[in-house]
Asks: 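Below you'll find the structure I mean.
First listed ligand is number 1; within each ligand, the first listed atom is number 1. Given the structure is predicted, the values throughout are model-derived calculations rather than measurements. All values below were derived from every heavy atom in this structure, side-chain atoms included, with hydrogens, water molecules and symmetry-related copies excluded.
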Amino acid sequence: MANEKIYDVLILGAGPAGLTAGLYAGRSRLSALIIEKGQDGGQIAQTAEIENYPGQNVNGESGASLVARMTEQAAQFGAERVTDVITGVSLDGPVKKVTGIKGEYLGRTVIICTGATPRPIGCKNEDQFKGMGISFCATCDGAFFRGLDIYVVGGGDAAVEEAIYLTRFGRKVTIIHRRDELRAVKSIQEKAFKTPNLEFAWNSVVDSVDGEGVLDTIVLRNTKTGELTTIKADPKDGMLGLFGFIGLIPQSELFKGAVDMNESGYIITDEDMHTSLPGVYAAGDIRVKSLRQVITACADGAIAAMQAEKYIADL
Ligand code: NAP
């Protein structure tokens with residue numbers, strides 16, 4: 001059913017970028033609607049511990065807890081929120097249309113904050129064991145692997161931070177990294193090297209996984225020699241945990257052809273978050289940028305909302 005109201009700003013996605021855009025739009029007395037398909041927070045809602053968001057210094061605070069305050073703050077300033085899955089967009093012209101499963105939404109401007117999702121591990125049989133030993137969310141699933149051996153793929157900030165978090169559940173956690181050097185920032189690396197039950201399988205990738213119903217076998221391939229090594233779950237455990245944190249895929253499929261993107265599907269903006277279409281902005285992990293963090297997503301959201309205000313004032 002069409003909602004006839006024309007909002008000043010439609011905000012697509014309720015991660016840190018979208019919630020900040022909602023807050024800033026609300027403070028500017030723009031009518032704003034945030035459309036989100038799932039829970040607020042995006043990737044950060046699944047992050048066990050945040051320690052680098054300025055001013056947030058509650059020891060051990062989770063991403064979900066930080067994001068709950070962002071949601072509340074955006075609502076306090078009047079940003080409306082709807083849960084819907086967006087299926088189409090029409091972003092040309094003075095009134096933009098966003099189509100969801102539940103209805104259509106109209107706006108004078110649109111801020112795209114749809115973020116990015118975890119990249120699959122890319123090994124044989126991966127799909128068969130998703131949710132049966134393979135996970136992409138340590139906070140969601142870590143406790144299922146209490147007392148078991150856990151493997152984490154990746155060498156960036158996410159892999160190393162989440163591996164450290166998983167050591168509270170696993171008997172032992174092993175980071176599988178394709179090189180012999182981590183990509184994660186030095187402070188996270190230092191913490192990892194001091195964590196007692198955290199080990200490393202260097203120059204390795206997961207070639208295949210297997211199991212009787214649940215994951216109990218991981219085959220590693222050495223990236224230098226090609227040698228395969230089979231890891232079997234202890235028969236008393238019956239299963240292993242395998243977490244993937246090897247980067248992100250932008251959720252930009254819906255906007256292909258509408259706004260300019262780079263070859264990886266990230267939306268190209270200028271430093272004021274303008275996309276190639278007037279009145280359409282992109283903020284947060286979805287856009288081409290050098291640093292994908294909560295702080296930079298929030299900054300993008302704030303800038304985009306202020307640009308939307310300017311655009312509407314000039315109409
Ligand atoms: P990332 O920084 O892109 O790192 C991806 C890691 O996965 C790299 O170590 C990469 O190896 C490895 N990798 C990529 N493709 C692979 C493949 N096909 N097979 C095996 N390994 C593969 O991704 P991320 O750690 O998910 O982080 C994403 C963004 O969020 C980054 O901008 C990061 O800084 C940010 N983040 C920040 C924090 C924080 O500040 N606390 C926490 C989490 C995430 P190579 O190193 O060899 O390329």
Asks: Quick one: look up the protein heavy atom nearest atom 37 (C) of ligand 1 and list residue, atom name and how far away it is.
Replies: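 Ranked first by proximity to atom 37 (C) of ligand 1 is Gln293 NE2, 2.9 Å.
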Asks: Specify the protein heavy atom at minimum distance from atom 47 (O) of ligand 1: its residue, its atom name, and the distance to 0.1 Å.
Replies: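 The closest heavy atom on the protein side is Arg179 NE, 2.7 Å.
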Asks: Could you walk me through whether Tyr266 and Asp285 satisfy the side-chain hydrogen bond (donor to acceptor under 3.5 Å, both in side chains) test, starting with their C-alpha distance in whole Å, then the side-chain angles of each, then the deciding distance to 0.1 Å, before giving a yes or no?
Replies: CA-CA 8 Å; Tyr266 288 98; Asp285 284 0; over 6 Å; no
Asks: Which is closest to atom 22 (C) of ligand 1 by heavy-atom distance: Ile246, Asp285, Val294?
Replies: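 Looking at heavy atoms only, Ile246 sits closest to atom 22 (C) of ligand 1.
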Asks: Let me see the working for Phe145 and Phe243 under ring pair (Phe, Tyr, Trp, His ring centres under 6.0 Å), right down to the final yes or no.
Replies: CA-CA 11 Å; Phe145 302 99; Phe243 288 79; 5.5 Å; yes
Asks: Check ligand 1 against Glu161 and write out every atom of the ligand that is under 4.0 Å from a heavy-atom position of the residue.
Replies: 41 (N), 42 (C)
Asks: For atom 48 (O) of ligand 1, what's the nearest protein heavy-atom neighbour? Residue, atom name and distance, please.
Replies: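 Heavy-atom neighbour on the protein nearest atom 48 (O) of ligand 1: Arg183 NH2, 2.7 Å.
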Asks: Below a 4.0 angstrom heavy-atom separation, can you tell me which part of His177, side chain or backbone, both or neither, approaches ligand 1?
Replies: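 His177 to ligand 1: side-chain contact only, backbone stays beyond 4.0 Å.
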Asks: Starting from atom 10 (C) of ligand 1, find the nearest protein heavy-atom neighbour and note its residue, name and distance.
Replies: Arg178 NH2, 3.8 Å
Asks: Considering only heavy atoms, which of Ala158, Gly155, Pro120, Ser290 lies nearest to atom 24 (P) of ligand 1?
Replies: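 That would be Ala158.
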Asks: For the residue pair Arg108 and Leu315, establish whether any side-chain heavy-atom pair is separated by less than 4.5 Å.
Replies: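 Answer yes - side chains close enough.
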Asks: Going by the salt bridge (Lys or Arg N to Asp or Glu O under 4.0 Å) test, name the single residue among Lys232, Arg171, Lys236 that passes it with Asp149.
Replies: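 Of all the options given, the one that passes is Arg171.
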Asks: Strictly below 4.0 Å, N to O, side chains only: are Arg81 and Asp40 in salt-bridge contact?
Replies: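 Result for this pair is yes, salt bridge flagged.
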Asks: Indicate yes or no: at least one non-hydrogen side-chain atom of Ile295 is less than 4.5 angstrom from one of Pro54.
Replies: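 Yes, at least one pair of side-chain atoms sits under 4.5 Å.
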Asks: Pairs of nitrogen or oxygen atoms closer than 3.5 Å, one from Arg119 and one from ligand 1: do any exist?
Replies: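 For ligand 1, there is no N or O atom that lies under 3.5 Å from one belonging to Arg119.
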Asks: Counting only nitrogen or oxygen atoms and a 3.5 angstrom limit, does Gly156 reach ligand 1?
Replies: yes
Asks: Report the member of Ile176, Ile175, Asp157 with the shortest heavy-atom distance to atom 44 (C) of ligand 1.
Replies: Asp157
Asks: Specify side chain, backbone, both or neither for Arg292, according to which of its non-hydrogen atoms lie closer than 4.0 Å to ligand 1.
Replies: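 Arg292 to ligand 1: contacts from backbone and side chain alike.
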Asks: Counting heavy atoms only, which part of Leu182 comes closer than 4.0 Å to ligand 1: side chain, backbone, both or neither?
Replies: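 Leu182 to ligand 1: no contact under 4.0 Å from either part.
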Asks: Please determine whether the number of non-hydrogen atoms from other residues, nucleotides or ligands lying under 6.0 Å from atom NZ of Lys130 exceeds 12.
Replies: yes
Asks: Please list the nearest protein heavy atom to atom 3 (O) of ligand 1 with its residue and the distance rounded to 0.1 Å.
Replies: Gly247 CA, 4.0 Å
Asks: Looking at Glu61 and Arg69, is any side-chain nitrogen of the basic one under 4.0 Å from a carboxylate oxygen of the acidic one?
Replies: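 Looking at Glu61 together with Arg69, the answer is yes, because their closest N to O distance falls below 4.0 Å.
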Asks: Below 4.0 angstrom, N of the basic side chain to O of the carboxylate: do Lys289 and Asp300 qualify?
Replies: yes
Asks: Residue-level breakdown please: for Leu248 versus ligand 1, do any non-hydrogen atoms fall below 4.0 Å on the side chain, on the backbone, on both, or on neither?
Replies: side chain
Asks: Find all atoms of ligand 1 within a distance of less than 4.0 Å from any non-hydrogen atom belonging to Asn52, and give their numbers and elements.
Replies: 39 (C), 40 (O), 41 (N)
Asks: Between His177 and Phe200, is the gap from one ring center to the other below 6.0 Å?
Replies: no
